Amino acid sequence: MEKETAQALWQRLEDAYRAQEKRWSRLSLAFGLSKLVLLVTFFLTVYFIGRAGASAWSGALAAAQAVLFAAACVVQHRLNVRMRFARAMAELAEKNGNRLTGGWRSFRDTGEELAGPEHEYARDLDIVGPESLFQFLNATGTAFGRARFAADLLHPDYTAEEIACRQEAVSELAGKPEFCCRLELLAREAGTEEGLLRAPQHLADGARFPLGRAARACFAVTRTVCCALLAAAAIFGGLWAAAWSAMFLVQLLIWAFTLRRTRPFLSAMEQAERSLSRCGAPAAAVADEPWQSARLRTLAEVLGSAREPLRRLSGVAHRAAAGRGSILGILLNGLLLWDLWNACALDRWKSRWGAQAPRWFDALGEAESLLSFANLPRSCTGCCRPAEAEGRGVFEAQSLGHPLLDNDARVCSDFSLAGGIAIVSGSNMSGKTTFLRTVGINLVLARAGSFAVAQSLTFSQMRVITSMRLTDSLSGRISLFYAELRRVRQILDAAQEDGSVLFLIDEIFRGTNSADRLAGARAVLGRLHALGACGLITTHDLEICGLAESLPGVRNFSFCETIRGGEMTFSYKLQQGPARTTNGRFLLRQLGILPPEEGEAGAG
């Protein structure tokens with residue numbers, strides 16, 4: 001989707017829903033004023049009835065005013081629901097528009113806690129954290145969707161057939177922006193509370209509530225008797241009231257005796273009550289939408305089968321949550337054995353549908369994850385469906401770009417790894433590290449079944465491992481060089497296990513002297529090539545570029561700058577061969593560290 005077209009689309013949707021919001025707001029205000037008028041006239045009617053005495057017409061007038069007031073309340077409530085929906089849709093359209101202009105960097109959910117520094121590539125490639133791919137694309141609203149989207153980014157594991165099906169689904173979703181906003185809104189209503197992720201396992205764990213049929217029947221009888229005695233006590237009083245009080249106390253004792261069993265059994269429902277009760281709406285939205293792609297049709301079928309079970313589960317969850325209040329819980333359990341009743345209802349639900357629950361919620365999570373990936377082709381220009389190839393070390397791209405760079409600032413390059421190792425050299429700020437991240441992040445997207453930012457991309461399955469943002473540790477007594485060695489050891493071990501590894505090493509062995517750096521780079525690259533691993537390294541050290549002449553499968557690429565009239569400019573375009581320019585002394589002169597006479601005129 002072209003940037004101008006996308007901006008116009010989101011602006012049109014935002015304007016349309018802002019107009020709807022204003023219309024519903026005006027109507028709601030009108031009904032609010034009518035309620036006030038009806039309420040005043042109702043009290044005036046009651047006042048005159050009290051002064052002049054009741055008559056048929058005055059009683060009818062008061063009743064009509066009361067009915068009209070109740071009807072106005074219902075209508076205003078529905079108008080307010082529509083107004084809030086329109087406002088939320090307008091905000092989501094604005095949010096999607098912000099993805100095109102860089103405003104996504106202020107989105108709240110960065111996913112920073114989803115992966116630590118030990119992850120093989122998450123931090124180095126900006127998959128999670130501030131200004132990350134997760135922050136850029138995330139459109140999930142439920143805990144299931146958020147967890148699935150994170151898993152797709154951090155641990156993609158799909159076959160070629162599954163990748164093709166997911167790409168087809170992402171493409172179809174990308175063409176339905178208004179539906180995507182609505183699904184995101186419905187999912188967001190469910191929320192991401194912690195207890196929600198545990199609920200499917202609790203529903204499918206096979207644990208049954210330990211209460212036999214005879215005991216259940218007996219408790220149903222006592223519950224009915226208690227309600228009957230309450231009605232009799234209200235009508236006749238006397239001994240009936242005493243009998244009801246005794247039965248109420250008996251049921252409180254039963255409740256207290258069974259509390260240790262009922263509470264753990266209902267705990268997951270109580271913790272996730274709000275979210276479970278609202279998961280039905282996004283599931284129904286996916287199920288009711290007509291789909292063309294095979295994967296979305298499958299998800300719609302799975303979620304369609306969950307409609308009635310989720311409705312019933314929502315009822316159980318609502319009732320279980322209602323009994324949590326101390327005073328209300330005592331009244332409900334004394335009168336109706338509330339917890340036992342709900343525990344038995346949940347037990348019946350689990351016996352009938354429990355085994356299918358994880359499948360439903362997994363399907364909802366996958367739909368939300370695909371929804372998030374659909375934001376990429378809508379937000380980035382020059383996207384394609386990557387094609388998986390047989391063999392090892394395949395990564396061939398035309399016009400490859402970084403998805404987190406603004407469309408106007410993105411510079412794309414052609415690149416082919418050709419099953420070997422690329423040494424990327426260049427000056428400071430020339431784009432070496434960004435290019436490593438460009439390769440890595442697009443491979444992650446391709447393996448997740450998403451689009452990639454390229455005119456075309458062919459890849460093979462490779463495990464991505466990076467070594468970029470390493471630092472020393474004072475508390476751990478680890479130097480930068482030792483941290484590099486440990487990460488390189490991890491890369492070598494991974495390549496030993498499986499040669500299908502793509503390593504990305506930024507400034508190899510920058511923590512040591514040039515002689516050791518050259519010797520170490522020679523040994524590491526030779527070993528990785530022998531193990532069948534592929535990858536890229538960057539370096540400032542032009543001596544390392546010479547390794548391409550002595551090591552098989554190693555090629556040189558570079559980024560260069562131009563210095564004219566005291567101004568330095570970068571092309572950010574990848575070139576064949578080692579770097580031909582440097583800018584260190586130019587920057588030293590610019591900052592006044594080197595005097596002009598010590599610099600080399602025209603040094604580049």
Side-chain angles (χ1 to χ4, degrees), residues 6-52 54 57-101 103-104 106-109 139 141-142 176-193 273-275 277-285 288-289 311 314 318 321-322 371:
Q7 283 182 329
L9 169 67
W10 294 123
Q11 190 61 54
R12 176 176 59 79
L13 286 178
E14 182 183 354
D15 292 343
Y17 280 107
R18 293 291 184 200
Q20 287 187 26
E21 179 190 359
K22 290 180 181 178
R23 182 167 65 253
W24 300 131
S25 178
R26 286 194 298 266
L27 288 172
S28 177
L29 178 61
F31 273 90
L33 292 174
S34 68
K35 283 167 53 182
L36 179 60
V37 172
L38 286 168
L39 190 62
V40 170
T41 56
F42 174 79
F43 282 118
L44 288 174
T45 302
V46 172
Y47 172 76
F48 284 117
I49 289 174
R51 292 289 300 273
W57 70 267
S58 61
L61 178 60
Q65 289 169 336
V67 170
L68 288 173
F69 179 81
C73 289
V74 172
V75 173
Q76 187 185 34
H77 172 71
R78 292 179 179 177
L79 290 172
N80 287 337
V81 169
R82 293 185 179 185
M83 180 183 66
R84 288 192 292 269
F85 174 80
R87 181 188 302 136
M89 288 289 286
E91 290 172 352
L92 282 174
E94 181 182 13
K95 175 183 176 183
N96 279 282
N98 287 339
R99 285 194 173 94
L100 298 167
T101 59
W104 60 271
S106 63
F107 293 172
R108 288 185 179 180
D109 191 1
T142 70
K176 295 187 174 187
E178 191 167 2
F179 170 82
C180 289
C181 283
R182 184 161 61 90
L183 179 57
E184 182 178 355
L185 175 59
L186 294 174
R188 194 170 64 181
E189 289 294 315
T192 57
E193 60 187 83
E273 177 270 330
R274 176 183 174 275
S275 295
S277 64
R278 296 184 178 181
C279 281
D288 293 339
E289 186 74 10
R311 187 188 67 80
S314 174
H318 272 306
L371 175 72

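Please read these numbers as outputs of a predicted model, since none were measured by experiment.
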note = Sequence neighbours excluded, the answer for salt bridge (Lys or Arg N to Asp or Glu O under 4.0 Å) partners of D15 is none
Please tell me if the side chains of [X] and [Y] come closer than 4.5 Å, counting only heavy atoms from C-beta onward.
X    : Y    : answer
L13  : M89  : no
C73  : H77  : no
L185 : R182 : no

Using residues 20-34 as the side-chain source, report each donor-acceptor pair under 3.5 Å to any protein atom, sequence neighbours left out, with the distance given to one decimal.
from	atom 1	to	atom 2	distance (Å)
E21	OE2	R87	NE	2.9
S28	OG	N80	OD1	2.6
S34	OG	F31	O	2.6

Looking only at heavy atoms, which two atoms of [X] and [Y] are closest? And how far apart?
X    : Y    : result
L371 : A139 : CD2-O, 3.8 Å
L9   : P177 : CD2-CG, 3.4 Å
A88  : R188 : CB-NH2, 4.0 Å
L92  : C181 : CD1-O, 3.2 Å

query = To the nearest 0.5 Å, what is the distance between CZ (R278) and OG1 (T142)?
reply =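 Rounded to the nearest 0.5 Å, the CZ-OG1 separation comes to 13.5 Å.
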ask   = Say you draw a straight line from OG1 of T41 to CG of L68; how long is it, rounded to the nearest 0.5 Å?
value = 8.5 Å
message = Checking W10 against R99 for the side-chain contact (heavy atoms from CB on, under 4.5 Å) test, could you report, in this order, the C-alpha distance in whole Å, the side-chain angles of both residues, the deciding distance, and whether it holds?
response = CA-CA 10 Å; W10 294 123; R99 285 194 173 94; over 6 Å; no
request  = Please lay out, stage by stage, how W104 and N98 fare under the test side-chain contact (heavy atoms from CB on, under 4.5 Å).
outcome  = CA-CA 6 Å; W104 60 271; N98 287 339; 5.7 Å; no
query = Without hydrogens or angle criteria, can the side chains of Y17 and E178 be said to hold a donor-acceptor pair below 3.5 Å?
reply = yes
side-chain contact (heavy atoms from CB on, under 4.5 Å) assessment of L38 paired with K35 = CA-CA 5 Å; L38 286 168; K35 283 167 53 182; 5.6 Å; no
Check ion pair R18-E94 (N to O, under 4.0 angstrom) =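 Here R18 pairs with E94 in a salt bridge, since their nearest N and O are under 4.0 Å apart.
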request  = Quick one: do L61 and F42 satisfy side-chain contact (heavy atoms from CB on, under 4.5 Å)? Show the steps, please.
outcome  = CA-CA 8 Å; L61 178 60; F42 174 79; over 6 Å; no
